[in-house]
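A short write-up of the structure that comes next.
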Amino acid sequence: MSEDERGLDHLMEQNETELPFLSAYGGTEGASSVTPASILEALVRYLRAGGGDVVQHEGAVAFGFGQASITEKGCLVVVEGAGLPLVASDMMAEGFVNGTLAKDRTQASVVLTNWGAEQRRFIERLVENALQD
């Protein structure tokens with residue numbers, strides 16, 4: 001085995017053993033047991049990891065720019081703010097259901113049915129927007 005091949009194998013082994021901790025910041029993506037409650041839990045962990053203030057209630061949370069709650073279909077996220085950095089198509093990707101955006105972009109709601117990279121990016125943009133206000 002050449003040194004380059006060994007390096008790739010070593011890198012793959014290293015990533016398999018050292019990266020699972022990242023799931024603490026989200027990552028129910030691909031899991032067969034994605035539930036509305038697990039999405040809400042992942043959202044809470046993600047917001048808190050970013051330094052956000054999150055107030056938990058039974059089956060719901062409130063944060064600086066909105067709230068989220070468990071529904072039959074997933075995790076309903078409702079956000080408010082001046083000039084939300086969203087367009088309607090942001091809430092049409094896989095893992096998003098029933099997305100609505102006010103014409104003046106001051107309020108949006110969407111049901112998250114998965115917690116993957118797209119959902120984390122969506123929330124991250126909203127957090128950045130809230131920090132600018």
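Scope of the values below: all heavy atoms of this structure, side chains included, with no hydrogens, waters or symmetry mates.
- Clustering ILVMFWY residues whenever any of their side-chain heavy atoms sit less than 4.5 angstrom apart, transitively, puts V97 in a cluster other than the one holding W115.
- Taking all atoms of both residues into account, the shortest heavy-atom contact from A88 to L101 is N-CD2, 3.8 Å.
- When all heavy atoms of L40 and A60 are compared, the closest pair comes out as CD2-N, 3.9 Å.
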Carefully, step by step, assess E124 and Y46 under the rule side-chain contact (heavy atoms from CB on, under 4.5 Å).
-> CA-CA 9 Å; E124 181 178 6; Y46 192 75; 3.6 Å; yes
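- In this structure a side-chain-to-backbone donor-acceptor pair under 3.5 Å is missing from E128 to R125.
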Before giving the answer on side-chain contact (heavy atoms from CB on, under 4.5 Å), spell out for Q107 and V78 the whole-Å C-alpha distance, their side-chain angles and the decisive distance to 0.1 Å.
-> CA-CA 7 Å; Q107 183 180 38; V78 179; 3.7 Å; yes
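- With hydrophobic clusters built from ILVMFWY side chains whose heavy atoms lie under 4.5 angstrom apart, I70 shares a cluster with V79.
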Can you list, pair by pair, the side-chain donor-acceptor contacts under 3.5 Å of residues 49-59, counting residues two or more places apart and other chains?
from : atom 1 : to  : atom 2 : distance (Å)
Q56  : OE1    : R48 : NH1    : 3.4
Q56  : OE1    : R48 : NH2    : 3.4

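- Counting only residues at least two apart or in different chains, ring-ring contact (aromatic ring centres under 6.0 Å, His included) contacts with residues 75-114 comprise F96-F122.
- Atom-to-atom distance recorded for N98:CG and M91:CE is 11.0 Å, nearest 0.5 angstrom.
- Criterion: ILVMFWY side-chain heavy atoms under 4.5 Å apart, direct or through other members. Under it, L47 and V61 are part of a common hydrophobic cluster.
- Scanning both residues, V110 and G99, for their nearest heavy atoms gives CG2-CA, 3.8 Å.
- A continuous path of Ile, Leu, Val, Met, Phe, Trp and Tyr side chains, each step under 4.5 Å between heavy atoms, connects L84 with I123, placing both in one hydrophobic cluster.
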Show your reasoning for whether side-chain contact (heavy atoms from CB on, under 4.5 Å) applies to V127 and N129.
-> CA-CA 5 Å; V127 167; N129 185 70; over 6 Å; no
Trace of the side-chain contact (heavy atoms from CB on, under 4.5 Å) decision for T71 with V111 | CA-CA 8 Å; T71 69; V111 176; 4.1 Å; yes
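- Connection of L86 to L112 is established within a shared hydrophobic cluster, with ILVMFWY side chains joined at heavy-atom distances below 4.5 Å, either directly or through further cluster members.
- Taking each heavy atom of L43 and A68 in turn, the nearest pair found is CD2-CB, 3.6 Å.
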